[in-house]
*Asks:* 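Here it is, the structure, as structure tokens.
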Amino acid sequence: MALWRRSSSWLSSCSRSPAGIANEAKVSPEIAPDDAPEEVDEERWSRLLPELLTDIVRRVDAGAERWPPRRDVVACACVCRRWRDAAISVVRPPLECGRITFPSSLKQSGPRDAPMHCFIRRNKSNSTFYLYLSLTHALTDNGKFLLVARRFRNGANTEYIISYDSDDLYPGSNSGVGKLRSDFLGTKFIMYDNQQPYCGTKTLKSRSSRRFPSKQISPHVSGGNFEVGQVSYKFNFLKSRGPRRMQCSIQCPVGQGTMSDASKEKPQSTSSTLSLRNKAPRWHEHLQCWCLNFHGRVTVASVKNFQLVAPAGTSNPWGVGDEETVILQFGKIEDDAFTMDFRHPLSAFQAFAICLTSFGTKLACE
């Protein structure tokens with residue numbers, strides 16, 4: 001695997017010389033004449049028989065069940081275009097394998113049989129939130145970084161930029177993959193994707209949308225701000241005791257493909273609306289508080305804690321009308337650490353955006 005990683009690094013750091021002057025160091029001082037064998041090695045690896053290439057990637061994929069060893073699969077996809085295509089054809093989406101491999105996996109449905117365990121760390125000083133994939137059974141560990149979000153004030157509204165890059169989180173940056181926008185009271189949120197996920201998705205057309213441009217990663221996929229979900233919190237004007245009450249309406253694919261690289265996909269042809277609401281807690285007389293069974297994944301009582309389920313009796317193409325099946329679970333474990341467990345049909349991007357709505361004071365709902 002060392003050779004594949006070396007090839008990937010070389011491809012990203014060196015530039016090719018024009019034809020006919022490849023051996024002239026004075027024209028391209030960054031590339032010495034001794035680098036010629038590495039280019040030959042690259043061509044040799046790219047000319048492997050398709051059957052052999054697919055078998056190599058399949059073996060690497062089978063031997064890397066978890067991160068960090070799973071980075072070897074990404075290294076294979078970085079060798080050249082043929083290796084990338086082979087990796088795309090071999091690696092299955094999270095719905096089938098229960099693993100996150102490529103960045104595009106973050107916008108694909110999570111596993112069906114068991115929830116995917118993640119956690120969020122909050123930095124109060126700069127209003128930044130980091131999403132990590134849990135690597136062990138512990139509530140928090142070193143984690144595999146997945147997404148980051150930062151909160152900004154836009155007039156009377158609040159907006160969150162969601163990105164892959166923690167060093168480029170500013171209005172006008174090109175690293176954003178989506179955003180979340182709230183109303184004045186912080187009780188209604190709209191979720192936007194920077195790439196059109198489904199045909200017919202509504203796009204945001206306003207001045208504020210131009211403050212958050214998206215980087216178009218493929219000419220086959222249109223860029224913009226496309227609405228993919230809403231989250232609302234019910235008002236509590238009478239101040240009756242009880243936790244927050246929230247409802248979600250999320251656009252999810254009805255027949256997801258198996259391709260792992262979204263940059264080569266066209267928008268999904270069909271989608272449907274998934275309706276979720278928070279699971280009602282029970283009042284514990286002895287503890288004098290509202291309680292939910294988080295199965296050991298939440299350890300600190302907080303008004304932010306919630307579990308989302310599909311209302312009983314609702315029909316949907318995903319078969320998730322059971323109020324005992326938790327689709328998304330979010331809860332506090334430390335002062336600035338929270339667990340986030342999600343499953344099909346939500347993606348990591350959608351689950352992260354929903355959890356972001358729980359931060360911040362909501363005086364009209366508590």
Side-chain angles (χ1 to χ4, degrees), residues 1 4-5 8 50-79 82-119 131-138 141-147 164 177 193 195 197-198 217 250 252-268 270-271 274 295 297 317-320 325-329 339-352:
M1 291 312 303
W4 295 330
R5 286 195 290 269
S8 173
E51 296 81 4
L52 178 60
L53 176 56
T54 302
D55 183 65
I56 291 175
V57 177
R58 185 178 291 113
R59 289 171 181 265
V60 174
D61 178 67
E65 292 290 333
R66 290 178 172 270
W67 288 89
R70 195 141 188 84
R71 63 189 173 190
D72 292 338
V73 181
V74 180
C76 289
C78 294
V79 174
R82 291 192 63 234
W83 281 69
R84 179 170 176 264
D85 293 340
I88 290 172
S89 64
V90 170
V91 176
R92 314 320 298 165
L95 175 62
E96 299 180 16
C97 68
R99 298 189 293 264
I100 291 178
T101 305
F102 302 116
S104 57
S105 304
L106 299 174
K107 291 189 177 181
Q108 296 176 331
S109 297
R112 187 191 305 273
D113 298 331
M116 185 169 288
H117 292 170
C118 305
F119 62 93
L131 175 65
Y132 296 89
L133 176 68
S134 297
L135 303 182
T136 65
H137 294 292
D141 47 37
N142 291 332
K144 167 68 176 72
F145 171 77
L146 299 179
L147 290 170
Y164 298 131
V177 297
D193 194 329
Q195 303 293 335
Y198 324 109
I217 58 177
I250 311 296
C252 297
V254 175
Q256 178 173 297
T258 58
M259 183 176 291
S260 298
D261 187 3
S263 65
K264 298 186 66 175
E265 283 187 293
K266 293 183 179 180
Q268 296 282 352
T270 58
S271 68
L274 172 66
H295 302 283
R297 294 283 296 166
W318 308 282
V320 290
T325 302
V326 177
I327 307 299
L328 172 61
Q329 174 176 286
T339 56
M340 186 195 86
D341 304 336
F342 71 98
R343 66 194 307 159
H344 173 77
L346 289 181
S347 66
F349 166 73
Q350 293 170 330
F352 185 41

*Asks:* Is any side-chain heavy atom of Leu346 closer than 4.5 Å to a side-chain heavy atom of Leu274?
*Replies:* yes

*Asks:* Determine yes or no for a side-chain-to-main-chain donor-acceptor pair under 3.5 angstrom, with Arg92 supplying the side chain and Ser89 the backbone.
*Replies:*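 Indeed, once roles are kept as given, a pair shorter than 3.5 Å links the two residues.
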
*Asks:* Would you please classify the geometry between the Tyr132 ring and the Phe119 ring as parallel, tilted or perpendicular, with 30° and 60° separating the classes?
*Replies:*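 Correct class here is parallel.
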
*Asks:* Hey, does Asp193 have a side-chain heavy atom less than 4.5 Å from the side chain of Phe349?
*Replies:* yes

*Asks:* What I'd like to find out is whether the side chain of Val74 reaches to under 4.5 Å of the side chain of Trp67, using heavy atoms alone.
*Replies:* yes

*Asks:* Between OG of Ser109 and CE of Met116, what distance do you get to the nearest 0.5 Å?
*Replies:*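 The distance works out to 11.0 Å.
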
*Asks:* Once you round to the nearest 0.5 Å, how far does CE of Met340 lie from CG of Leu131?
*Replies:* 4.5 Å

*Asks:* Kindly compute the distance separating OG1 (Thr136) from CZ (Arg66), expressed to the nearest 0.5 Å.
*Replies:* 8.0 Å

*Asks:* Rounded to the nearest 0.5 Å, what separation is found between the CD1 atom of Ile250 and the CD1 atom of Ile327?
*Replies:* 12.0 Å

*Asks:* Is Asp341 reaching over with its side chain to a backbone N or O of Gln329, donor-acceptor style, under 3.5 angstrom?
*Replies:* no

*Asks:* About how many Å separate OG1 of Thr101 and CG of Leu106, when rounded to the nearest 0.5 Å?
*Replies:* 10.0 Å

*Asks:* Are side-chain heavy atoms of His117 and Arg297 found at a separation under 4.5 Å?
*Replies:*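 They are in contact (side-chain heavy atoms under 4.5 Å apart), so the answer is yes.
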
*Asks:* Atom CZ of residue position Arg59 - does it have more than 12 heavy atoms of other residues, nucleotides or ligands inside 6.0 Å?
*Replies:* no

*Asks:* Does Asp113 offer a backbone N or O that forms a donor-acceptor pair with the side chain of Arg343 under 3.5 Å?
*Replies:*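 Confirmed, Arg343 side chain pairs with Asp113 backbone.
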
*Asks:* Kindly indicate whether the side chain of Tyr164, heavy atoms from C-beta on, has any atom under 4.5 Å from the side chain of Leu147.
*Replies:* yes

*Asks:* Can you give me the closest heavy-atom contact between Gln350 and Cys252, atom names plus distance?
*Replies:* OE1-SG, 4.0 Å

*Asks:* Looking at every non-hydrogen atom in both residues, tell me the closest pair between Ser347 and Phe342 and how far apart they are.
*Replies:*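 The answer is C-CE1, 3.8 Å.
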
*Asks:* Taking the side chain as everything from C-beta on, heavy atoms only, tell me whether Pro94 gets closer than 4.5 Å to His344.
*Replies:*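 They are not in contact (no side-chain heavy atoms under 4.5 Å apart), so the answer is no.
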
*Asks:* Between Lys107 (side chain only) and Val177 (backbone N and O only), is there a donor and an acceptor less than 3.5 Å apart?
*Replies:*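 Yes, the answer is positive, given that a donor and an acceptor are paired below the 3.5 Å cut-off.
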
*Asks:* Mind checking the OG-CG spacing from Ser134 to Asn142? Nearest 0.5 Å is all I need.
*Replies:* 11.0 Å

*Asks:* Checking Ser105 side chain against Ile100 main chain: does a donor-acceptor pair fall under 3.5 Å?
*Replies:*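 Judged by distance alone, no pair lies under 3.5 Å.
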
*Asks:* Just wondering, do Val91 and Arg70 contact through their side chains at under 4.5 Å, heavy atoms?
*Replies:*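 Side chain of Arg70 against side chain of Val91, heavy atoms only: contact under 4.5 Å found.
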
